[in-house]
Amino acid sequence: MSSADIYREIILDYYRNPRNFGKLENPDIVKRDSNPLCGDELEMHINIKDNKVADVKYTGKGCAISQASASLLTEMMMGKDFDEVKKLSKEDILENLGLTELGPTRLKCALLSLKVLKYGIYSYLIEKLKDTSSADKIKKEASGLF
Amino acid sequence: MSSADIYREIILDYYRNPRNFGKLENPDIVKRDSNPLCGDELEMHINIKDNKVADVKYTGKGCAISQASASLLTEMMMGKDFDEVKKLSKEDILENLGLTELGPTRLKCALLSLKVLKYGIYSYLIEKLKDTSSADKIKKEASGLF
Amino acid sequence: MQASILNVEKIRKDFPILQRKVREDKPLVYLDNASTSQKPIQVIDAIRNYYLNQNSNIHRAVYALAEEATSSFEATRDKVAKFVNVKNREEIIFTRGTTEAINLVAYAWGRKNVEKDDIIVTTEYEHHSNIVPWQLLTKEKGAKLEYIGIDDNGELILDQLDKYLETGRVKLVTFSQMSNVLGTITDTNKIIAKCKKAGVKTLIDGAQSVPHMQVDIDNMGCDFFTFSAHKMLGPTGVGILWARKEILEEMPPFHGGGDMIREVHKYETTWNDLPYKFEAGTPNIAGVIGFATAIDYLSQLGMLSVREHESQLTKYALEQISKIDKMKIYGPTDISKRGGVISFNYADIHPHDLASIVDEDGVAIRSGHHCAQVLMERLDVAATSRASFYIYNTEQEVDVLIKALNHAKELFKI
Amino acid sequence: MQASILNVEKIRKDFPILQRKVREDKPLVYLDNASTSQKPIQVIDAIRNYYLNQNSNIHRAVYALAEEATSSFEATRDKVAKFVNVKNREEIIFTRGTTEAINLVAYAWGRKNVEKDDIIVTTEYEHHSNIVPWQLLTKEKGAKLEYIGIDDNGELILDQLDKYLETGRVKLVTFSQMSNVLGTITDTNKIIAKCKKAGVKTLIDGAQSVPHMQVDIDNMGCDFFTFSAHKMLGPTGVGILWARKEILEEMPPFHGGGDMIREVHKYETTWNDLPYKFEAGTPNIAGVIGFATAIDYLSQLGMLSVREHESQLTKYALEQISKIDKMKIYGPTDISKRGGVISFNYADIHPHDLASIVDEDGVAIRSGHHCAQVLMERLDVAATSRASFYIYNTEQEVDVLIKALNHAKELFKI
Ligand SMILES: Cc1ncc(COP(=O)(O)O)c(C=O)c1O
Ligand SMILES: Cc1ncc(COP(=O)(O)O)c(C=O)c1O
């Protein structure tokens, strides 16, 4: 897709006015990752209460696509129950950002936040919930994102 | 040159009936070397008396060209005074073997014995005669052979 | 003369060099395939096409060329994985060749895992690249290098392996799946089974096997596997290291530099995911991309057919060569136990002389120690001559070799 | 618009890829030369010609092809030596690239010579390949890695070097002759003089300098020098390590395998002469042979003219880019102190977005950390955009870049 299609209001708005930017004080989930190809960085903080996402924040630096996607993802998660969050997919994000047919390199920008989220859930399942079976599924999904 | 030209009586004779094959008991000069490309090996023993080559022997394994050249070189040296031996050249050997325009690989076979001789003289000059100036010249010559 | 299972006439048209004349007017008879194979025009064109249309560095940039080059490069990884039956593409690491692949294991895995008095077991018929790295490592660590010997048929004496394994100190058993001198095909399954039982890791040097027979790494059960593109129709400067993901993840990196890092800070650095962790610096991009086409070419022929063609040709060559008086042939006589490599010595003619003489008839054979001096010592010879075959060789070419050997006979008055 | 000292129009005809259209219908404007250069048809044909006519393994066999391939391969060594003014051809070692060359030094020289509490000094503007190998080495040895900082003009603060040298514990000072991000040309002579006085060895990363300016290694007085073929019109997968003979002779080998040995026995092995001692295994023969043609091409143009052309173009580009509002340009402003590399950041547009946007106009620039994350930290940016020039670039192409930057301005509503 052309730049004119990619850099529409929605991406620029999320890039310049990031929602949920920052850190949580006592997060249940903290996950950080970076894209080795370009150096984009992202750290996500999540609080889970009553099996729901009670709060979520992120910090990071990177291109408009990666930051907008992180920002939007936090919005999409907020208040969702844990099972719904587990199911958030690549397609959900891309659709909400209005992105189709990104080249492979830019696709990685768009999916870094989802990768961080999936690995965050994975750690949470393993460490807090001692749930290895569905954790493995999530891990596989996460590693398939890049 | 063609094989028919290379493998004439002279080379085959020296190959099958090597002169001065063997070792000396208390040699003044002992030098060993091998051709890393093909594995040919050569060890040369020399006795110097009154500034002349009193005796010389060699052992080794390798192709007809390398062995014939070693064998012939020992004959060429025998009885020569030390300065004459120092001056023995690539051209002397090739001419005596009747070899012209060898390819670069086979040339190394033909010159292994001369290389061993030169390094042998070099060590002798340095260790026994403490003569570094003409030793350096010989060393340079030797390293230029391969 | 038997018809080959391959359409050799058609294949030969893809290899322009086979039309070449050498030594003025002799058609080239190329019988040094164990050293390096010739390349079909498809591979040559793939390299050219990369430089003409796609040339760019990979992995990092976002512009059009870089995306194209990256996807061609990574597509090769998938093809390689499929060709040798590896499920996890990230286990395929590009190196310069088998030699670098083995050294990578010796440095990155070996220095971490091998300790004083440990044992590494290799064999008497290894190529130098599967001996010297282990000499260097065992020397550094105060460990020991041991050899599985060979019998007079050129096969490994596997009882010796049992003896080493019993010590409980063996860390790695490393061996080639096919000897580059004797052609012996190693009983890989048996060795791996023994090592697995003993909890010992195995490295297979597939430099001679992958080009010539079907190889199924995932089902083999080894831990490391290496091979070179240039021996299987591919470009020079490309090789493969395969290792299990769990092992690669535990291994420290080898070369430091671009592409292998996740984040570099002044005093500490984190590593990229597999396989990139082991691929520092700009790789041989053109070579890797050309290699994909070589794999396509072999896949189209089918590796079973390649093996069948070579077996047939080797059988014919063995028959013809052994008819010559005063000829000594090395390696297994059973054709099912050997690949298309024949080493021999003819009377008292030194292999170099023999190779020079047959070269005059346009025949390219190898002479020397074939980077296997330990084997030469075992065979008690200074050198051998070696003819080795590939998909484009014919029985007629074997006949040219035989004729050339006859010239040698005359010149040396045998 | 000034006429270039080079006949750029003629040169462009030698680079078929420059005729290519990208993103459907945009002529390619290739401005990522610091990453890798394009290749002239002469180089592409040299590689092709090798595979079509000479393909064979080198150094070992006696037949015709092998002799031809060996002599082409070794002729490249002579050409490389002459191009960077090295008298002793055996000091030229072929590697895969700069990264491998530096790692070779870190492993073979470093592990022998660097001890606990020793210091290795690098700089804040190094490429990862001149940082990570030293992190690995110093960590293994309990030694320290120190950095020469840069000032706000993007030049090294050499006083810091004095401070390190005073400790008496510095074993090596390693730095690039030209920064791949800032374009800064290092004051090589001054650093070497300081190090020589202190009896400290120096390694120069010439990956960015050798392609773009005249380099005279013998007269420079450094101890190690490295560069890559692919950044100077040559093939991928070929690099050079140069080091003084005395140092190479003292160094243990790096990779073990074929070609680097003199005699292999079961438990001990002796090494081949230089340079082969450091060239184990089948090298990238086609790549090395193609590199000779790249050197011929550059030699014909003359490196002084290459530098002059790039300086002129860089001056023009700096002028044009700095006219844009909210543009931040990094590196020295004095054109005599910089090569043809311009890094910049435009308003709040992230470099990746910028590179994507200009790509739509066919312009290939690099964005990201350029394998120089330590420098990014120092500049306090996540990334930069980078345009870098070579012999075939023109002022018209700079104009296309400027126009594309204007599209970005519109899209991001700057
Ligand atoms: C059995 C074997 N192992 C290793 C090698 C080394 O391969 P390369 O030179 O491609 O690194 C060879 C080929 O020369 C070989 O035949
Ligand atoms: C200054 C510098 N050093 C080292 C390198 C690494 O070179 P290569 O990737 O060819 O090994 C590069 C290029 O990427 C560079 O610009």
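Everything numeric here is computed off the predicted structure, so don't read it as measured data. Chain A is the first sequence line, chain B the second, and so forth, proteins listed ahead of strands; every chain is numbered from 1.
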Problem set entry | D/Pro252 versus chain C, the contacting section by heavy-atom distance below 4.5 Å | neither
Exercise. Using non-hydrogen atoms only, which part of D/Leu52 is less than 4.5 Å away from chain C: side chain, backbone, both, or neither?
Worked result: both
Problem set entry | Toward chain C, the part of D/Ile102 with a non-hydrogen atom under 4.5 Å | neither
For this session: Sort D/Glu67 into side chain, backbone, both or neither according to what part of it lies under 4.5 angstrom from a heavy atom of chain C.
Result: side chain
For this session: For C/Asn272, enumerate each residue passing the side-chain contact (heavy atoms from CB on, under 4.5 Å) test, keeping only those at least two apart in sequence or located in another chain.
Result: A/Pro36, C/Arg262, C/Tyr276
Seminar exercise, completed: In terms of heavy-atom pairs under 4.5 Å with chain C, the winner among D/Gln38, D/His128, D/Met260, D/Lys266 is D/Lys266
For this session: Could you tell me which portion of D/Val22 (side chain, backbone, both or neither) has an atom closer than 4.5 angstrom to a non-hydrogen atom of chain C?
Result: side chain
For this session: Below 4.5 Å from any heavy atom of chain C, which atoms of D/Arg20 appear? Answer side chain, backbone, both or neither.
Result: side chain
For this session: Determine whether the side chains of D/Ser228 and D/Thr98 contain a donor N or O and an acceptor N or O closer than 3.5 Å.
Result: yes
Problem set entry | Region of D/His265 in contact with chain C, defined by heavy-atom distances below 4.5 Å | both
Problem set entry | Heavy-atom contact with chain C under 4.5 Å, split by part of D/Thr138 | neither
Problem set entry | Contact class of D/Phe15 relative to chain C, heavy atoms under 4.5 angstrom | neither
For this session: Quick one: which of D/Ala66, D/Pro16, D/Cys371, D/Pro133 has the most heavy-atom pairs under 4.5 Å with chain C, could you say?
Result: D/Pro133
For this session: Considering only heavy atoms and a distance below 4.5 Å, find which of D/Lys139, D/Glu263, D/Met376 pairs most often with chain C.
Result: D/Glu263
For this session: Using the test ring-ring contact (aromatic ring centres under 6.0 Å, His included), find all partners of C/His350 that sit at least two apart in sequence or belong to another chain.
Result: C/His352
Exercise. Relative to chain C, which segment of D/Glu124 carries a heavy atom at a distance below 4.5 Å: side chain, backbone, both, or neither?
Worked result: side chain
Problem set entry | Structural part of D/Ile261 lying under 4.5 Å from a heavy atom of chain C | side chain
Seminar exercise, completed: When the 4.5 angstrom heavy-atom criterion is applied to D/Leu28 and chain C, the contacting part is side chain
Problem set entry | Portion of D/Asn103 that has a non-hydrogen atom of chain C nearer than 4.5 angstrom | side chain
Exercise. Where on D/Gln19 is there a heavy atom nearer than 4.5 Å to chain C: the side chain, the backbone, both, or neither?
Worked result: neither
